[in-house]
> 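What follows is a single structure, and I will ask about it in a moment.
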Number of protein chains: 2
Amino acid sequence: MNTADQSFVKIHNQKIILDQLIQHYPISRADLAKMTSLNKATISSQTVSLMEKKLIYEIGTGESSGGRKPVMLVFNKTAGYVIGVDLGINYILTVLTDLEGNILFQNSYEIIDSSYEAIKPILIERIVEAAQGAPESPYGIIGIGVGIHGFVNNDQTIVFTPHSKWKDIDLKIILEEQFHCTVLIENEANAGAYGERLFGAIKNCSNGIFLSIGIGIGVGIIVNNELYRGTQGFSGEMGHMSIEYNGKKCGCGNTGCWELYASEKTLFENISKLKGLEHVTYKQISQLIQVQNMEVIKELDRFGYYLGIGLTNIINTFNPEAIVLRSGLIESNPIVLNSIQNTISSRISQYAHQNHQIYLSQLSRKATVLGAASFVIEHFLNEPDHLRLMK
Amino acid sequence: MNTADQSFVKIHNQKIILDQLIQHYPISRADLAKMTSLNKATISSQTVSLMEKKLIYEIGTGESSGGRKPVMLVFNKTAGYVIGVDLGINYILTVLTDLEGNILFQNSYEIIDSSYEAIKPILIERIVEAAQGAPESPYGIIGIGVGIHGFVNNDQTIVFTPHSKWKDIDLKIILEEQFHCTVLIENEANAGAYGERLFGAIKNCSNGIFLSIGIGIGVGIIVNNELYRGTQGFSGEMGHMSIEYNGKKCGCGNTGCWELYASEKTLFENISKLKGLEHVTYKQISQLIQVQNMEVIKELDRFGYYLGIGLTNIINTFNPEAIVLRSGLIESNPIVLNSIQNTISSRISQYAHQNHQIYLSQLSRKATVLGAASFVIEHFLNEPDHLRLMK
DNA sequence: TAAGTTTGTTTGTTTAATAAACAAATAAAT
DNA sequence: ATTTATTTGTTTATTAAACAAACAAACTTA
């Protein structure tokens, strides 16, 4: 029940102007007026306000098109910096980005002891290290975004991580107290979906699905231009969608869960069993494919087949504009897409002609970490008054 | 990129005031000011505007609470009337309602020939009949809402109806030309979801799922307080979600589709086979249950079991606040809910404690028709200027 | 050199929300 | 019965933001 007044109008229009500027800079006031259909005078007054906030600045005149030369405005992408963290199962990926998501610094750490007690100091250390890489700027470090493999509720508490067994960890409060800045915690797939929507394969897509395929399968859902988190924050647990109601028993309690058939973990297990190996690596699989090892290729086909079954369910559920697949294996062996596509084509409803695109992740390993950072950026740009300590 | 100005503010606040008034009338200006946290003077000026539009009126003074008596305002629910139509597989249900969804007139027609050519004149006749039941009012018949069993795209064209085989029928334009009023066409499950959210089991629920179980299974999805239609309008085809990837072949092209296991149609077929009958009716089944026929009860349990399997998938996907089941059979034999709940409980992820409620449809047979009508009501109340012919 | 165009600012108007003052009506206290 | 405090709803003046129109500056083109 948010009522509107004059100040709402100003904030609302300023957000539109800034958005257009970010999308199309360098740009003149006159062009902004044309694009937004706001009055020239309104643009003039709003740009003053944006310049006072150091979010934009003038870079001199542009080309004339038969009259006075325009003064070009640009987005000040270095008005502040953000730290993004991807807390994976066996790694911590940390980045420092500007307000456009450009990476200035990155660091990857391999987790040995995944207990919370062991991770916490390492995490803080990595964040401090990244923060030190930020140049002087009006707003300094505007916040920290964390994407994590596990259940995060709508209060941003980490409720449970299936692999490292963290329980009810309030990392948000802990980091806020440590660093005194905005901290946003999100599920790994949600963050990935957001990253791909802002910077990657589904840029500006209204309805998109992000599929994170690894040890399990996680799904990030974007509907009606928004991330859909669910009532408590637990949407997108489609790895535990049953595709064989009387199938294999899963640790979650369900039977025939999709990720028991279509995760990278399952594929790796199958191939290592096939080859009589204890363990098989990405590299080994890629090599086996390159030498046309038929057993492995057949296994890969089955992998794509099972993915296609679940994806058909997703398409029937969401009628999405696009689906993004995040899987190191598929990204380095895009041939899997063929069996995925074939399976979907043979199964998708013939009643209505559904249009959908399937893309590989453009951000790849950085989808989650950039998504996490972008939550913070968006939060910062939506904050009507940038009342913060100047660094 | 909708910029805001003063008139936006007025329209926006007026909508909030009217919404509060509809929810809480009779109500005074003073109480509206408190509830909306708008200034008293603003409420005074806006109520003048709403009274000019005939959407509200005064009904005299109320009880004083220690000062001047308040003037009570009420919503003018008879400012106009709406026609709702449910175009089912073997019936046409038509209602006339006021602006609150109260039914003034209703009519049910059994379809014999379901071809478009046969239905069209009957449909028009039913609408005319319903319209004649409307009393004199400021706005007259404000529109016609149609819920239909089949694929409706985002342009509101009926793309395909699986049973009656209609193809690319632009009913919206046809009815608009015939009746010169707003016409809105929606999928049956989407309309039902909307009806239940406005008037029924999931009133004001932010994230809810409506399950229409009949010859097939259709799903209406409400997320982030909005109906989710999908990119083309084909979301919620979860009847064709595979729960057994190598299962029964479905007419849609997929295998192991949920509705092959958990639709009323399947249940009826199974029971009639069991009893060696050509055909079995709702009544017969209810009677068999009442006399504790174990074969039938077992079959009913299986029905609930299969529903529970798909519902577990839905909960894992959406983490909804509530799920509404629309099934004549379950509504008259709510015992089925037990096996549904048991199946879900034993299968739902133990990782995170998910809260969800499962309700029976409150609107029952009228869910779709009231949902269809409510789209028109909402459209009317959102129209900033009610520039229409007075009847 | 003159004419027309483009850009961005200035000026005054319009509109809707708000605060404050006010009048009317009423209940409760004395 | 009188006083006091309270509640309701209107009136008045103020504020803020968008806008239209006028304008000045800077530029291109003929």
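When reading the values below, keep in mind they use all heavy atoms of this one structure, side chains included, and skip hydrogens, waters and symmetry mates. Numbers restart at 1 for each chain; the letters A, B, ... are given by sequence-line order, proteins then strands.
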> Remember a base hit wins even if backbone is also touched, and classify A/E58 as base, sugar-phosphate or nothing at under 4.0 Å, heavy atoms.
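It contacts nothing in the nucleic acid.
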> When the distance from CG of B/N13 to C1' of C/dA16 is rounded to whole Å, what number comes out?
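It is 9 Å, rounded to the nearest whole Å.
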> Would you kindly compare A/G67 and A/S7 by the position of their nearest DNA chain D nucleotide and give the one closer to the 5′ end?
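So the residue in question is A/S7.
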> Take atom CG of A/L50 and atom P of C/dG8, then tell me their distance rounded to the nearest Å.
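After rounding, the reported distance stands at 15 Å.
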> Pick the closest DNA chain C nucleotide for A/V71 and for B/S37 by heavy atoms, then say which residue is nearer the 5' end.
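Between the two, 5'-proximity favours A/V71.
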> Check every strand shown and say whether A/L38 touches a base, only sugar-phosphate, or nothing at a heavy-atom separation below 4.0 Å.
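Sugar-phosphate: the residue A/L38, judged by heavy atoms under 4.0 Å, touches backbone atoms but no base.
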> Hey, are A/E58 and A/R29 close enough for a salt bridge, meaning a charged N less than 4.0 Å from a carboxylate O?
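The answer is yes: the pair qualifies as a salt bridge.
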> Give a yes or no answer on whether the side chain of A/N319 reaches the backbone of B/T231 with a donor-acceptor pair at less than 3.5 Å.
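Here the side-chain-to-backbone pair exists.
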> Considering every strand and a 4.0 Å limit on heavy-atom distances, what is the contact class for A/T61: base, sugar-phosphate, or nothing?
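No contact at all - A/T61 keeps every heavy atom at 4.0 Å or more from the nucleic acid.
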> Think A/Q46 has a side-chain N or O under 4.0 angstrom from the OP1 or OP2 of D/dA17?
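Result: no.
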> Given A/I222 and A/F210, is the side-chain contact (heavy atoms from CB on, under 4.5 Å) satisfied, shown in steps?
CA-CA 8 Å; A/I222 288 171; A/F210 175 83; over 6 Å; no
> Using a heavy-atom cut-off of under 4.0 Å over every strand shown, decide if A/S64 touches base, sugar-phosphate, or nothing.
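Result for A/S64 = sugar-phosphate.
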> Could you check whether the side chain of A/R68 and the base of C/dT7 have a donor-acceptor pair of N or O atoms closer than 3.5 Å, going by distance alone?
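Indeed there is one.
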> Using whole Å, report how far CG of A/L32 lies from C1' of D/dA18.
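One finds 16 Å between C1' of D/dA18 and CG of A/L32, rounded.
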> Counting the benzene-type ring for Trp, do A/F318 and B/F318 have ring centres under 6.0 Å apart?
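Between B/F318 and A/F318, which both carry aromatic rings, the centre distance is below 6.0 Å.
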> Quick one: pull up CD1 in A/I17 and CG in A/L55 and give me the separation to the nearest 0.5 Å.
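Those atoms lie 12.5 Å apart.
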> Among the candidates D/dG9, D/dC27, C/dT18, find the nucleotide nearest to the side-chain atoms of A/K69.
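Nearest to the side chain of A/K69 among the choices is D/dC27.
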> Would you mind reading off the distance between A/I17 atom CD1 and D/dA17 atom P, rounded to a whole angstrom?
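Rounding to the nearest Å, CD1 of A/I17 and P of D/dA17 are 12 Å apart.
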> Of B/T42 and A/S44, whose closest DNA chain C nucleotide lies nearer the 5' terminus?
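Mapping each residue to its closest nucleotide by heavy atoms, the 5'-most match is A/S44.
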> Nearest whole angstrom, please: distance from the C1' of C/dA16 to the NZ of B/K40.
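B/K40 atom NZ is separated from C/dA16 atom C1' by 18 Å.
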> Go nucleotide by nucleotide along DNA chain D from the 5' end; which of B/A30 and A/S45 gets its closest nucleotide reached first?
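With B/A30 and A/S45 compared, the 5'-side residue is B/A30.
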> Ignoring hydrogens and angles, answer whether the base of C/dA17 and the side-chain atoms of B/N39 contain a donor-acceptor pair closer than 3.5 Å.
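For B/N39, whose side chain was compared with the base of C/dA17, there is no donor-acceptor pair (under 3.5 Å).
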> Rounded to whole angstroms, how far apart are CD1 on A/I43 and P on D/dA20?
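Rounding to the nearest Å, CD1 of A/I43 and P of D/dA20 are 13 Å apart.
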> Could you walk me through whether A/Y228 and B/Y228 pass the ring-ring contact (aromatic ring centres under 6.0 Å, His included) check?
CA-CA 11 Å; A/Y228 174 65; B/Y228 175 65; 9.0 Å; no
> At 4.0 Å (heavy atoms only), tell me whether B/A41 reaches a base, stays on the sugar-phosphate, or touches nothing.
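The residue B/A41 makes base contact.
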> Checking all strands, does A/K10 fall into the base, sugar-phosphate, or nothing category for heavy-atom contacts under 4.0 angstrom?
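The residue A/K10 makes sugar-phosphate contact but no base contact.
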> Find the distance B/I56:CD1 to D/dG9:P and express it as a whole number of Å.
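Computing the B/I56:CD1 to D/dG9:P distance gives 12 Å.
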> When you get a sec, tell me which of C/dA17, D/dG9, C/dT9 is the closest nucleotide to the side chain of A/R29?
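Shortest atom-to-atom distance from the side chain points to C/dT9.
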> What is the separation between atom CE on A/M72 and atom C1' on C/dG8, rounded to the nearest whole Å?
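After rounding, the reported distance stands at 14 Å.
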> Check every strand shown and say whether A/T3 touches a base, only sugar-phosphate, or nothing at a heavy-atom separation below 4.0 Å.
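Nothing, no nucleic acid heavy atom in range.
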